[in-house]
Amino acid sequence: MGGIAIVDGHPGAGKTTLIQRLLESNESRSIQASRYIAKPGSGQWKEERAGVSGKTASRHVELRRWLDAAAVHASLLTYDPDKIDIDSLLGEVDEGFGEWDQWVLEGENVEYSGAHCSVYVLRPLPGSDRLVEDKERIVAHIPLDEYLRYAGGEVLPGESIEPIDDLLEDAEIELSFDRELPEKLAEAGVVLSELEKGRLRTLIRDGVQIRAKKPELRPECARLPAAEVVVVNLHRDEERDRAEATRAQILDLFKDWRLRYQLDFRSRVTRAGVYLANLQDANDLGTQKALAQIKRKLRGR
């Protein structure tokens, strides 16, 4: 089997262009390039191989670009993730291709672990944006009676409804925590508005939400931890300062083991190679350095 590289990143980051540059510098190796897309409900899987003048090439411009850049094959793969996983898909496709030196894939690296080199491409983050953000999330639901027993009374801070334990004390009777609690409170002389009744029934049904802040990677960088090579693609020199700041955040992320644990960060490397590159320029030094590391990893598979 030849070496396999998978190129991931958010839309418009420059994945197709990076593959084009790799193909243009392939040193006479036979390289096939494929793009794969998950389409639930699409059937098992489908492959469209593009010839130089094929219809598939005209429908998918990147395939034609790859063929023009000396790919021996260019194809589009669609698969149903509910019926076939990435490993099985690529194994079946590989059987039909024959001999090849390297295979470069563009797609979301969410399941496939068979790559000899994993690459992630992103654009520089806006100046004030952070790679890791603290997000408040619901981490648990506690039954209302349990919450009141162990955590105190006020479960609707800032709402018009009184603390629940005060309501029960005002009722001066023992009440069960069921959907009829608002009516039972009314019988005991505690009258709630319709809105308050609805909120109370929701608490009884779902429990009390427990929220906590947890660090999360920005959505467009969620799959970055799978990468061994990261390319920050800048289009203009004016973006260099933002690109440098983005690179520094990525390197800090790989060094911060506590944060990596909190993020459930899984990586095959302790430190990724992070390059600033203008992929639009085939002679750009950063582009050349990134391509050189990708080739080294493919040769040393």
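- Dense packing is recorded around CZ of Arg211, with more than 12 heavy atoms of other residues, nucleotides or ligands lying under 6.0 Å away.
- A donor-acceptor contact under 3.5 angstrom links the side chains of Ser25 and Lys295, judged on distance only.
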Check against side-chain hydrogen bond (donor to acceptor under 3.5 Å, both in side chains), Asp101 and Ser30: CA-CA 5 Å; Asp101 294 325; Ser30 61; 3.2 Å; yes
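- Side-chain contact check for Glu108 and Tyr36: no donor-acceptor pair (N or O, by modelled atom type) lies under 3.5 Å.
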Residue pair Gln44, Lys83: steps toward the side-chain contact (heavy atoms from CB on, under 4.5 Å) verdict: CA-CA 6 Å; Gln44 186 85 347; Lys83 295 186 177 180; 3.5 Å; yes
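- Remark: side-chain polar atoms of Lys15 are paired, donor with acceptor, to backbone N or O of His10 under 3.5 angstrom.
- Shown here are the ring-ring contact (aromatic ring centres under 6.0 Å, His included) partners of Phe254, two or more places apart in sequence or in another chain: Phe265.
- Neither side chain, Thr16 nor Arg35, offers a donor N or O lying under 3.5 Å from an acceptor on the other.
- For the pair Arg199 and Glu196, the salt-bridge criterion is not met [side-chain N within less than 4.0 Å of a carboxylate O].
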Worked verdict on Val274 versus Val232 for side-chain contact (heavy atoms from CB on, under 4.5 Å): CA-CA 7 Å; Val274 186; Val232 183; 4.3 Å; yes
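- The closest side-chain donor-acceptor pair between Trp45 and Thr78, if any, does not fall under 3.5 angstrom.
- Note that the CZ atom of Arg21 and the CG atom of Asp281 stand 7.5 Å from one another [nearest 0.5 Å].
- With hydrogens and angles disregarded, a donor-acceptor distance shorter than 3.5 Å links the side chain of Thr202 to the backbone of Gly198.
- The backbone N or O of Leu125 lies less than 3.5 Å from a partner atom in the side chain of Thr246, making a donor-acceptor pair.
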Stepwise side-chain contact (heavy atoms from CB on, under 4.5 Å) test for Lys297 and His116: CA-CA 7 Å; Lys297 287 186 173 294; His116 301 103; over 6 Å; no
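- Not one N or O on the side chain of Arg260 forms a donor-acceptor pair closer than 3.5 Å with the backbone of Lys255.
- The backbone N or O of Gln262 sits less than 3.5 Å from a side-chain atom of Lys214, completing a donor-acceptor pair.
- In terms of modelled atom types and a separation under 3.5 Å, the side chain of Glu106 and the main chain of Gly9 share no donor-acceptor contact.
- Within the 3.5 Å criterion, the main-chain N or O of Lys213 finds no donor-acceptor partner in the side chain of Glu136.
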Leu77/Ile37 under side-chain contact (heavy atoms from CB on, under 4.5 Å): CA gap, chis, key distance, verdict: CA-CA 6 Å; Leu77 307 172; Ile37 304 173; over 6 Å; no
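- Using a distance-only test at 3.5 Å, with no hydrogens or angles considered, no donor-acceptor pair links the side chain of Asn233 to the main chain of Asn278.
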